[in-house]
2 protein chains.
Amino acid sequence: MDEFEATRALGALAQPTRLAVFRLLVREGPAGLPAGEVAARLGVQPATLSFHLAQLERAGLLAARRQSRQILYAADFAAMGALVGFLLDDCCHGHPEVCAGLDAAEERAGRAAAKVEV
Amino acid sequence: MDEFEATRALGALAQPTRLAVFRLLVREGPAGLPAGEVAARLGVQPATLSFHLAQLERAGLLAARRQSRQILYAADFAAMGALVGFLLDDCCHGHPEVCAGLDAAEERAGRAAAKVEV
DNA sequence: TTGATATTTCAACAATTATCAAATTATGGA
DNA sequence: TCCATAATTTGATAATTGTTGAAATATCAA
């Protein structure tokens, strides 16, 4: 991910409705949710939501697939991982103070791993 | 960090000039750099830079301190850590696919730690 | 105090972004 | 085919954001 893609992804998430959309779709997992359902749950007009979904998709944070009459949107977890990787790595060069406190998320991920001082 | 602060921080970084400012100041470390020096290095008008510095500071990503006639700006690493923590934790609930590939940054941080499967 | 330097604030303007109603496209069923 | 449903696109408008020159503020040195 380069600086251009990063500003796109950051900009896509830097708006309350879009951040809410992404968070909702993260909870729904790979199956995703039809656009109309997202609009209904968040109380957003279909046309307005469509605008925001397009931005998130253009930034690569959502994947869209049609299923019959509906279009299902799902969060792209790898893309979010790439964005976080950009922030930690390219942007902050793995600075210790930035990385401190990241263990909680990793542990919650349920990865069977433990840290051992060497 | 709540959703409001997160959108602020994301928005602050979602602009090429501001992302460049933050990256520059990360490289300079806690000592920071005077506003004029940042403007000169990035080739941005002082007034324009001042506008962007204010946004980054308002988002908590930069700390400003006056030293004689200059105002030194430095990256706030803890704030960036909090933003990344929000994205991983609150936003993605530590989803494995998002966290995959985060080790590189942590190892680059020079933390004397190794992972062991349990 | 006066002058020079560093930076911010102000005011104006251009560009971008967000919202919504209306029109359009795509799909499936009668 | 015709109709209903799901979603997007378009066009208008309001709101926000980014840029710049000029003016204002703060600090230091003579």
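Source: prediction; values computed, not measured. Letters go in sequence order (proteins before strands), and every chain restarts at 1.
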For the side chain of A:Arg18 and the backbone of A:Ala12, is there at least one donor-acceptor N/O pair under 3.5 Å apart? yes
From CG of A:Leu13 across to P of C:dA18 the rounded distance in Å is 12 Å
Looking only at D:dA7, D:dT27, D:dG18, the nucleotide nearest the B:Ser68 side chain is D:dT27
B:Arg58 CZ to D:dT16 C1', in whole Å, measures 11 Å
Side-chain donor or acceptor of A:Arg27 paired with backbone N/O of B:His93 under 3.5 Å = no
| message | Is the shortest side-chain heavy-atom distance between B:Gln70 and B:Glu37 below 4.5 Å? | response | no
*Does B:Gln15 use its side chain to pair, donor to acceptor, with the backbone of B:Thr17 at less than 3.5 Å?*
yes
Numerically ordered, the residues 27-52 of chain A set in heavy-atom contact under 4.0 Å with DNA chain C is A:Gln45, A:Ala47, A:Thr48, A:Phe51, A:His52
Axis-to-axis angle across the helix from C:dT1-D:dA30 to C:dA30-D:dT1, five pairs each end, nearest 10 degrees, ~ 10°
Rounded to whole Å, CD of A:Gln70 lies from C1' of D:dA6 at a distance of 7 Å
A:Leu53 CG to D:dA6 P, in whole Å, measures 16 Å
Exercise. Under a 4.5 Å cut-off applied to non-hydrogen side-chain atoms, are A:Val26 and A:Met80 in contact?
Worked result: no
Are the side chain of B:Arg58 and the backbone N or O of B:Gly60 linked by a donor-acceptor pair below 3.5 Å?
no
Looking only at side-chain N and O atoms, does B:Arg66 come under 4.0 Å of OP1 or OP2 in C:dA6?
-> no
**Prompt:** Is there a path from A:Phe22 to A:Leu49 through hydrophobic residues (I, L, V, M, F, W, Y) whose side chains come within less than 4.5 Å of each other?
**Reply:** yes
Rounded to whole Å, CD1 of B:Ile71 lies from P of D:dT27 at a distance of 9 Å
Self-check item: Joint hydrophobic cluster, B:Phe51 plus B:Val38, side-chain heavy atoms closer than 4.5 Å
Solution: no
### Message
Less than 4.0 angstrom between a side-chain N/O of A:Tyr73 and OP1 or OP2 of D:dA6, yes or no?
### Response
no
Between CD of B:Gln15 and C1' of C:dT16 the distance, given in whole Å, is 11 Å
Picking from D:dT8, D:dC28, C:dT7, the nucleotide nearest the side-chain atoms of B:Arg69 would be D:dC28
* Counting distance only, does the side-chain N/O of A:Arg65 pair as donor-acceptor with the main-chain N or O of A:Leu72 below 3.5 Å? -> no
Between A:Gln67 and A:Gln55, whichever has its closest DNA chain C nucleotide further toward 5' is A:Gln55
Rounded to whole Å, CZ of A:Arg65 lies from C1' of C:dA26 at a distance of 18 Å
